[in-house]
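Below is one structure, written out as structure tokens; comments come after it.
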Amino acid sequence: MQTRTLGDTGLVLTELSFGGAGIGNLYRPIPREDAIATLETAWDGGIRYFDTAPFYGHGLSERRMGDFLQTKARGDFVLSTKVGRLLQASPGGPPTDTGYIEALPFTIHYDYSYEGILRSHQDSLARLGLPSVDILYVHDLERGSFASDEDYQRHLETFVTSGIHALQDLKSEGKIAAFGLGVNEVAACTNAMARVRLDCLLMAGRYSLLDRGATGRLMDMCQTSGTMMIVGGVFNSGILATGAKPGATFNYTEASPDIMDRVRRMEAVAQDHGVPLAQAALHFPLRNRLVTSVLTGTAKPSSLQRNLDLFANPLPDALWPALDELVLPAI
């Protein structure tokens with residue numbers, strides 16, 4: 001597994017990394033032994049960068065990932081988790097509308113303040129059972145996470161005037177090596193980066209074969225500031241892995257006729273070059289030197305092994321120009 005350095009942070013990440021939402025019971029319950037088996041598959045395949053979050057299963061993903069990584073030497077892996085949501089014990093059980101099935105009995109409270117971020121960091125260490133994490137991402141600080149634009153603006157203001165100082169202090173004290181945002185929306189990144197410097201972005205779904213929303217202004221800002229990018233959601237929630245099959249999903253909803261048509265043509269291009277479209281989707285982001293790693297998330301060892309096998313094979317340079325012509329128009 002090849003590696004890349006995360007800007008000037010000193011961290012070295014494997015080009016393929018593991019995302020922990022699935023092992024937190026995203027959309028379906030996952031037995032603990034299956035979660036651990038998936039993590040073992042990642043490790044055996046050479047992955048050494050792991051990402052999780054308090055939100056994933058309301059602490060369940062952090063607990064499972066920590067149980068696994070406690071068996072490894074701390075210097076042998078890079079670990080990130082997220083801040084911005086605090087877990088609060090709930091005798092009535094967790095909310096049922098977050099997508100996490102049989103989550104742990106905690107409710108979610110947004111807190112992007114200095115004190116909230118410090119507490120979130122400490123709580124995560126306790127759930128992980130580890131002495132440190134390497135990267136903290138500010139989680140879901142974007143318009144779509146909140147009931148109104150006013151709520152979003154209020155939380156953004158709290159972060160850029162208060163919470164950012166907690167991340168800076170943790171880094172200066174050597175308790176973390178890097179910090180950034182973990183979001184789905186390009187505007188969330190540009191809004192924050194206009195006011196504070198970030199080491200990195202974990203961007204889901206906006207820099208894929210199909211959706212290049214992160215290009216343009218955001219990439220220009222990253223280039224200027226030295227902010228690196230970790231790319232998740234490279235299959236755009238399914239269609240770039242399954243192909244344009246009936247019921248295929250794009251960004252968690254059924255794909256539109258236009259999306260289906262573009263993906264069918266992408267499949268044809270890939271087939272002409274003798275490669276699966278999913279393989280191209282995994283490799284695409286790393287053509288950009290601002291991208292340090294591609295994050296893949298699953299809770300099935302067989303699915304992860306398939307991605308590892310696809311990722312291990314190189315792609316012909318001639319593949320990319322025809323695929324580049326089929327991307328969605330910039331918004």
Side-chain angles (χ1 to χ4, degrees), residues 1 13-53 55-72 77 79-82 98-104 128 182 184 202 204-205 208-209 230-255 263 267 275-285 293-313:
M1 181 74 67
L13 277 56
T14 47
E15 289 188 335
L16 195 67
S17 43
F18 182 85
I23 64 169
N25 289 1
L26 181 61
Y27 304 134
R28 64 189 182 95
I30 304 297
R32 182 183 185 280
E33 55 269 26
D34 291 355
I36 298 300
T38 305
L39 289 162
E40 288 281 9
T41 300
W43 190 271
D44 292 344
I47 289 175
R48 294 296 183 271
Y49 170 39
F50 298 83
D51 175 71
T52 183
F55 184 52
Y56 301 160
H58 300 200
L60 183 61
S61 175
E62 285 186 320
R63 287 182 59 179
R64 287 172 165 177
M65 193 170 286
D67 286 349
F68 173 76
L69 292 176
Q70 287 165 30
T71 68
K72 312 300 180 185
F77 60 88
L79 175 62
S80 58
T81 191
K82 303 184 179 73
T98 63
Y100 291 95
I101 310 302
E102 298 177 10
L104 296 181
L128 288 160
N184 301 280
L202 174 49
S208 73
L209 278 178
I230 293 88
V231 174
V234 294
F235 299 134
N236 283 125
S237 83
I239 195 167
L240 293 178
T242 65
K245 298 179 179 178
T249 58
F250 172 75
N251 290 350
Y252 306 100
T253 61
E254 187 170 343
V263 173
E267 289 180 283
V275 300
L277 185 61
Q279 184 180 354
L282 282 167
H283 278 268
F284 163 74
S293 186
V294 168
L295 195 73
T296 181
T298 180
K300 294 177 64 176
S302 59
S303 296
L304 181 56
Q305 188 61 57
R306 181 174 64 247
N307 289 341
L308 285 163
D309 293 342
L310 289 172
F311 192 72
N313 296 316

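Since we're looking at a predicted model, the values are computed, not measured.
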Can a donor-acceptor pair be found, under 3.5 Å and without considering hydrogens, that links the side chain of [X] to the backbone of [Y]?
X	Y	result
S293	I230	no
R64	I36	no
N25	A103	no
E15	F311	no

From [atom1] ([X]) to [atom2] ([Y]), nearest 0.5 Å:
X	Y	atom1	atom2	value
L39	L69	CG	CG	7.0 Å
L26	L60	CG	CG	11.5 Å
R306	T298	CZ	OG1	7.5 Å
L209	I239	CG	CD1	12.0 Å
K72	L79	NZ	CG	14.0 Å
D309	N307	CG	CG	9.0 Å

Check: Parallel under 30°, tilted from 30 to 60°, perpendicular over 60°: which one fits the rings of F55 and Y100?
Finding: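 Perpendicular, since the angle between the ring planes exceeds 60°.
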
Notebook entry, point to check: Quick one: side-chain hydrogen bond (donor to acceptor under 3.5 Å, both in side chains) partners of T52, sequence neighbours excluded?
Noted result: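 S61.
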
Quick one: list whatever passes side-chain contact (heavy atoms from CB on, under 4.5 Å) with [X], sequence neighbours left out.
X	answer
A241	F235
D34	I30, P31
A42	F18, I47, F50, L304
E267	A244, V263, R264, L277

Notebook entry, point to check: Considering residues, nucleotides and ligands other than R63, do more than 12 of their heavy atoms fall under 6.0 Å from its CZ?
Noted result: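 Open.
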
If you look at every heavy atom in [X] and [Y], which pair is closest and at what distance?
X	Y	value
A299	T38	O-OG1, 3.0 Å
A248	T242	CB-OG1, 4.0 Å
N184	A204	OD1-CB, 3.2 Å
Y56	G20	CD1-C, 3.7 Å

[X] vs [Y] side-chain heavy atoms within contact, under 4.5 Å:
X	Y	answer
H283	N313	no
T41	K300	no
D51	K82	yes
L310	P276	yes
F68	E40	yes
P285	V234	yes
L308	M1	yes
L295	V231	no

Checklist line | Modelled atom types, side-chain donor and acceptor of E62 and T81, under 3.5 Å | finding: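 Yes - a donor-acceptor pair under 3.5 Å links their side chains.
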
Margin query: For the residue pair S208 / N236, report whether a side-chain donor-acceptor contact shorter than 3.5 Å exists.
Written below: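 The criterion, which ignores hydrogens and geometry beyond distance, is satisfied for S208 and N236.
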
Next item on the list: Could you list all the salt bridge (Lys or Arg N to Asp or Glu O under 4.0 Å) pairs where at least one residue sits in residues 239-253, not counting sequence neighbours?
Entry: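 Every candidate salt bridge (Lys or Arg N to Asp or Glu O under 4.0 Å) pair involving residues 239-253 fails, so no pair, neighbours aside, qualifies.
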
Next item on the list: Show your working on side chain to side chain contact (heavy atoms under 4.5 Å, CB included) between T71 and W43 and close with a plain yes or no.
Entry: CA-CA 11 Å; T71 68; W43 190 271; over 6 Å; no

